[in-house]
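Keep in mind that the numbers below use all heavy atoms, side chains included, and drop hydrogens, waters and symmetry copies. Throughout, residue positions are numbered sequentially from 1 according to the sequence presented. Values in this document were obtained by computation on a predicted structure and should not be read as measured data.
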Amino acid sequence: MYPDTPLDQINGIMQQAHLAFLSYKNLEGKKRAAFLRCIADEIEALGEELVQTAMRETNLPEARIIAERGRTTGHCRMFAEVAEEGSWVEARIDTAMPDRMPAPRPDLRKMLVPIGPVVVFGAANFPLAYSTAGGDTASALAAGCTVVVKAHPAHPQTSTLVAGAIQKAMQKTGMPPGVFQHVYGSSVAVGQALVKHPLAKAVGFTGSLAGGRALFDLASQRAEPIPVFAEMSSINPVILLPETLKRNPAAIAQRLAASITLGVGQFCTNPGLVIALEDEGLRAFIDHLARIIEESLPGTMLHTGIAQNYHTRLKRALEQQGVQVEAAARQEGTAMQGRPLVASVPAEVFLQNAALAEEVFGPFSLIVRCGSWEWFNRVISHLHGQLTATVQGDEDELKKHPALVNMLVEKAGRLIVNGVPTGVEVCAAMMHGGPYPATTDSRFTAVGRDAIKRFARPVAFQNFPDSLLPDALKESNPLLIWRMRNNQWGKE
Ligand code: NAP
């Protein structure tokens, strides 16, 4: 029904993306904002058809799709504000110092400019919020980049509907053709051709470590390497401090079980690893957790591939020596369903087996039982890069372990105290990213206002007459309230 875009069309698509970029990049922020707001309106105008289609293609419930639609239109409107307000370009001005000794200083002005055409891969687990009009697309369009989206083969019809809404918004707001284009590919060849094309200047991806890494390697091997912002694999460790755990084993188990099973575990922030000292507090916690997990129900997963991966990876994890099942949902479920399951392993075994630190995408969590603080610290320092790290510990107990937070800062992009990693707020202070393999570039967030910075690069203008400067750097720009004069930052 949605045949792959022929490979001989990729060059034309990228040429059009490039041509559109040459004019779109110079559009005023308020015009880009009008376009993004119109996209949000057109997505809403799709109404029930979008909700029903997404539900059918992804097996996600109505409430989740409606919430995700709200998040998608919300971030389109948020990036509209960002584009309109304009300070995201981070204008910096060092005015000339002609009398400086021993050499005069030139007038230097720097700002971020859009990077160029961006290739975006729709994600399986967020058919709206990380797909066709997802955070990658909206932030790239806000920055002034053109976008080519490869629909995820698990939800092509949802993707087509949203692409239609974006194309309508392009017409209504007079955007150049080629600002946004949509392609299909159920084989990796289409995505690879887009990433390899010399006119592609950046890539946005959410999915598996194998897929993200393959695209990153491909982009690095090009004659002109380009950045790939891939969000891939994270097991989001949850660290249980013993005194706090002993006081609240039931409440902590309740909170964690809800997070493990949320959305059949198909969130990049799913808590896949729990680390704790082996004592009676942990035993009580596991008993509570086991009761909740046994009562939980298997849920239908997003697509056959994800369900198969869950079963294969879960089986593999459980086959590893030293791993013991602590609890599984009583109902086994079908081949398309993910059965919630929690297992545990001694720290010594976890440290010796790299397979146990791999993501099992679904409602599964592995508890690492540490016989002493020494093992506890070794497990934490052994962790790979993560999107999040969570500590269950009250303030007094946390104060006793300053080295813990210090270590976790090295490991993750977001640190959470007494909460759960699932639930990613879209706001300016959000950091959704982290050291490899959570992402391919730990310096950037994929969620929130700063996501726009992935698709921009700095350019400095030296000794330019005011009339030839971009508006953001002109003396008359009201946003330019901070500038450097005589080596001091000052408010004008
Ligand atoms: P995926 O296999 O990584 O695919 C995502 C997208 O990337 C698809 O459009 C896919 O194209 C493309 N792709 C994958 N490998 C590629 C390659 N070598 N070259 C070019 N394009 C490539 O992810 P998925 O199908 O969504 O899910 C599979 C597994 O990924 C899950 O079971 C889960 O383990 C993991 N996952 C993780 C997260 C997370 O946030 N951590 C999110 C989603 C999925 P084709 O479909 O055409 O192959």
Side chain to side chain donor-acceptor pair (under 3.5 Å), paired with H432, selected from R414, E425, E231: E231
Side-chain donor-acceptor contact under 3.5 Å, T158 with E57: yes
Under 3.5 Å side-chain donor-acceptor pair for T388 and N236: yes
Any donor-acceptor N or O pair under 3.5 Å, side chains T53, Q157: no
Side chain proximity check, P106 to D94, heavy atoms < 4.5 angstrom: no
Aromatic centroids of H155 and H303 separated by under 6.0 Å: no
Aromatic ring pairing F464/F461, orientation class (parallel under 30°, perpendicular over 60°, tilted between): perpendicular
Note: D217-R213 ion pair, threshold 4.0 Å (strictly below): yes
Residue pairs, two or more places apart or on separate chains, that pass ring-ring contact (aromatic ring centres under 6.0 Å, His included) and touch residues 92-132: F121-F205, F126-Y130, F126-F267
T95 vs R109, side-chain contact (heavy atoms from CB on, under 4.5 Å): CA-CA, chis, key distance, verdict: CA-CA 8 Å; T95 50; R109 294 163 190 244; 4.3 Å; yes
Candidate pair K196 and L218, rule side-chain contact (heavy atoms from CB on, under 4.5 Å), full reasoning: CA-CA 7 Å; K196 280 199 280 193; L218 203 61; 3.8 Å; yes
Under 3.5 Å side-chain donor-acceptor pair for S259 and N270: no
Exercise: do Y184 and S159 side chains pair donor with acceptor under 3.5 Å: no
